[in-house]
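Down below is the structure, laid out as structure tokens.
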Amino acid sequence: MNIYRYFQTVVLSALQGLVSSGELPEGLDPARVTVEAPRDVGHGDLATNAAMVLAKAAGKKPRELAELLLPSLLAHPDIANGDIAGPGFINLRLTEDFWRERLKDIIVAGERYGDSDDGHGKRINVEYVSANPTGPMHAGHVRGAVIGDSVANLLAKVGYDVTREYYFNDAGSQVDVLARSTYLRYREALGEEIREIPEGLYPGEYLRDVGRALATRDGAKWLNEPEEAWLAPVRDFSVSYIMRLIGADLDLIGIKHDVFTNERELIDNGTLDKAFEILDDKGLIYIGTLPPPRGKIMEDWEPVPLTLFRSSLFGDSTDRPLKKRDGAWAYIMPDFAYHYDKIRRGFELIINVLGTDHGGYAERMRPAVAAFSDGKATLDVIFNGIVKIYNRGELVKLSKRSGNLITLREMVEQVGADAVRFFMLTRTPESELDFDFAKVTEQSKDNPVFYVQYAHARCRSVLRLAAEQYSSDILGAESLLDAQTGRLDSPEELDLIRRMAAWPAVVSGAAESHEPHKIAFYLYDLAAAFHQLWAKGKDNATLRFLLENDPSLTIARLALVQAVATVIASGLRLIGVDPAEELRS
RNA sequence: GCGCCCGUAGCUCAAUGGAUAGAGCAUCUGACUACGAAUCAGAAGGCUGGAGGUUCGAGUCCUUCCGGGCGCGCCA
């Protein structure tokens, strides 16, 4: 149950009642009416801005309108009391029983608590990672991978039909470079001494394995052949080898895509030609000359007639060439074809996760998506900021050219998959992130991963102990649903319940805004509230969860602990982190 | 030069257009023979880069300036 949405309908029907009785004019637009949690808990459980938003249209002062609305809200059985505050807020406090009922929602739903049908089964494509097959996954790829995967999980949880997709470019010059680099290692594997990797080829050690594998498969058959003969087979071999490497790397952090699409196939099966044809049929292609880019000095600029796409009709700052002067496809054309393919497959929502260094991508791709789908499909690009790697406070310089890269595998080996995943979500996506190996492995409060996991482990510890001291039946749904939750009446207990009751709304919000970091922050706050409650039992034994002489209160508190464990576990899994039972090392 | 992103406590960062802007770290003061202290309680810390505007209400939206990051050819 999304409590804010639920009470929004309560507010709207109260307004409707006032319209029916003639106390308010008809035709009020309720679009801006919101119900939300006040920032300050002292203001109550819920606040609505209805009176302020509708005052003008209703011809009343905000507070006057609030006075009119309040009585019909107070008539609702779940609303305990309310008042009017500030410029016209209506603050509402819900009954404690309403909150306690949510505890039972959680126990009944288990980890499905927070699921919804916001997405109505709409098909949505989330493309992430999409690294070209030139080497293993490295630190620079990890953040987008985690963000994309978590967004996909979120959207699935709120009822979208999600496809997780990986696109790779296996038709450009990059893979030819890969093939030549592999060929060198292949010769090495066959006994030749390779002193230095020539400029422009990939120096990575991992290519030794590829070369060796090729030598094992094909023997010396390419050794004395010209490049024209071996380039294509070596390329194909290398690409599929590297893609297996990447797949294994992603597996380390629990990422598995549903669909892999590659550029070569889009060209070979005619999708690219078809995409161009469609734009042409829509009258969006013409031959023209572009002005030189503004403000940039280009000595070699000369105006040449080119095949252009009228992307400026769709908000682009300029029309874009789709063919080069020699008639070959321009580099964006395969990407266009790929998006045409997504639309053809029936996706209405297309999400791409990219690094901020692809800044201009959205501007170029959005017109294409609009054109191919006749405006029906929308493209959202999530840009994620770079990750700076530190080691005990010192910046680690990374360079692809020198081969000085930190691989995903190294990261996972050093800090663990859980810490990697959680840490990548401790900032808003577009901000830069400092990833310090020392900090991420630290097992303390500064490390949010352990802080949250520890709260879960503490819950499980209590539940295990309860099962030992009483019987395992005490934790069954029957027992917990029968709990006297009315006995949970301390401010800390109710605070915890309120936080958990907000979970479905948090999930919906994070999914809608494509911001998985909100889950990480929520979990941190929930964990903090739990740790606080736990600590109360230190000073005051009557506040502990397990009470020898009060079984009914014990069961009620176990229901609370069970709910906390459930919500934390559910949230952690949503972002791909394992909710560990214990953290003892 | 143009476009996108960012500027919030000493540091790292939060905050669907809402009320007195919140956490953690660092600093200072306290709490463990334990339902696991990998934790908790408290103190202190702010003109949200500057100036205008829109709004009942702006860290959030608009304009402009300052400061930082990224991108910007028919290259991939």
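Note that the structure is a prediction, hence the values are computed from the model and not measured. Reminder, nothing fancy here: chain letters follow the sequence lines and each chain counts from 1.
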Protein-nucleotide distance ([X], atom [atom1]; [N], atom [atom2]), rounded to Å:
X	N	atom1	atom2	result
Asp335(A)	rC74(B)	CG	P	14 Å
Asn540(A)	rC32(B)	CG	C1'	17 Å
Leu306(A)	rC75(B)	CG	P	10 Å
Phe383(A)	rG69(B)	CZ	P	19 Å
Asp539(A)	rC32(B)	CG	P	9 Å
Glu430(A)	rG68(B)	CD	P	21 Å
Met365(A)	rA76(B)	CE	C1'	13 Å
Glu515(A)	rC5(B)	CD	P	13 Å

Inset, instruction - Under the side-chain contact (heavy atoms from CB on, under 4.5 Å) rule, what do Leu546(A) and Leu465(A) come out as? Steps first, then yes or no, please. - result: CA-CA 9 Å; Leu546(A) 304 177; Leu465(A) 202 61; 3.8 Å; yes
Regarding [X], tell me which of base, sugar-phosphate or nothing describes its non-hydrogen contacts under 4.0 Å with the strands shown.
X	result
Leu547(A)	nothing
Glu582(A)	base
Ala457(A)	base
Gly360(A)	sugar-phosphate

Inset, instruction - May I ask you to check if Lys323(A) and Phe276(A) form a cation-pi contact, with NZ or CZ under 6.0 angstrom from the six-membered ring centre and within 45° of the axis? - result: yes
Is the [X] to [Y] ring centre distance short of 6.0 Å?
X	Y	value
Tyr451(A)	Tyr524(A)	yes
Phe309(A)	Phe336(A)	yes
Phe435(A)	Tyr390(A)	no

Inset, instruction - Look at the side chain of Arg544(A) and decide which nucleotide, out of rA34(B), rC75(B), rA76(B), has an atom nearest to it. - result: rA34(B)
Inset, instruction - Among rA37(B), rC74(B), rC13(B), find the nucleotide with the atom closest to the side chain of Arg427(A). - result: rC13(B)
Legend entry - Side-chain heavy-atom pair Phe314(A), Val369(A) within 4.5 angstrom cut-off: no
Take atom [atom1] in [N] and the same atom in [M], then report the distance between them in whole Å.
N	M	atom1	result
rC40(B)	rG36(B)	C1'	14 Å
rG59(B)	rA15(B)	C1'	8 Å
rC65(B)	rG22(B)	C1'	30 Å
rU20(B)	rU39(B)	P	34 Å
rC4(B)	rC11(B)	P	29 Å
rU8(B)	rG68(B)	P	14 Å
rC25(B)	rA41(B)	P	11 Å
rC61(B)	rG7(B)	P	10 Å

Determine: side-chain N/O of [X] to OP1/OP2 of [N], distance under 4.0 Å, yes or no.
X	N	result
His517(A)	rA15(B)	yes
Tyr451(A)	rC40(B)	yes
Arg364(A)	rG3(B)	no
Gln532(A)	rA41(B)	yes
Lys61(A)	rC56(B)	no
Ser431(A)	rA14(B)	yes
Lys388(A)	rU12(B)	no
Lys538(A)	rA37(B)	yes

Inset, instruction - Please state whether the rings of His141(A) and His138(A) are parallel, tilted or perpendicular, taking 30° and 60° as the class boundaries. - result: tilted
Inset, instruction - Please work out whether the ring planes of Phe530(A) and Phe545(A) are parallel, tilted or perpendicular, with thresholds of 30° and 60°. - result: parallel
Inset, instruction - Go through the side-chain N and O atoms of Glu363(A) and Ser317(A) and say whether any donor and acceptor fall under 3.5 Å apart. - result: yes
Legend entry - nucleotides 18-23 of chain B: protein proximity per nucleotide (B base, S sugar-phosphate only, - neither; heavy atom, under 4.0 Å): BB---S
Legend entry - Most 5' of Ser461(A) and Arg320(A) on RNA chain B, judged by nearest nucleotide: Ser461(A)
Inset, instruction - Please tell me which of Arg464(A) and His358(A) maps to the more 5' nucleotide of RNA chain B, matching each residue to the nucleotide holding its nearest heavy atom. - result: Arg464(A)
Inset, instruction - Report yes if the ring of Trp534(A) lies under 5.5 Å from the six-membered base ring of rC35(B) with planes under 30°, and no otherwise. - result: yes
Inset, instruction - Verify, without hydrogens or angle tests, whether Arg421(A) (side chain) and Ile575(A) (backbone) share a donor-acceptor contact under 3.5 angstrom. - result: yes
Legend entry - Side-chain donor or acceptor of Tyr522(A) paired with backbone N/O of Arg499(A) under 3.5 Å: yes
Legend entry - Each stem that RNA chain B is part of, given as range with range (3 or more consecutive Watson-Crick or G-U pairs, under 3.5 Å): B:1-5 with B:68-72, B:10-13 with B:22-25, B:27-31 with B:39-43, B:49-53 with B:61-65
Inset, instruction - Give a yes or no on whether a salt bridge exists between Arg364(A) and Asp316(A), defined as a side-chain N under 4.0 angstrom from a carboxylate O. - result: no
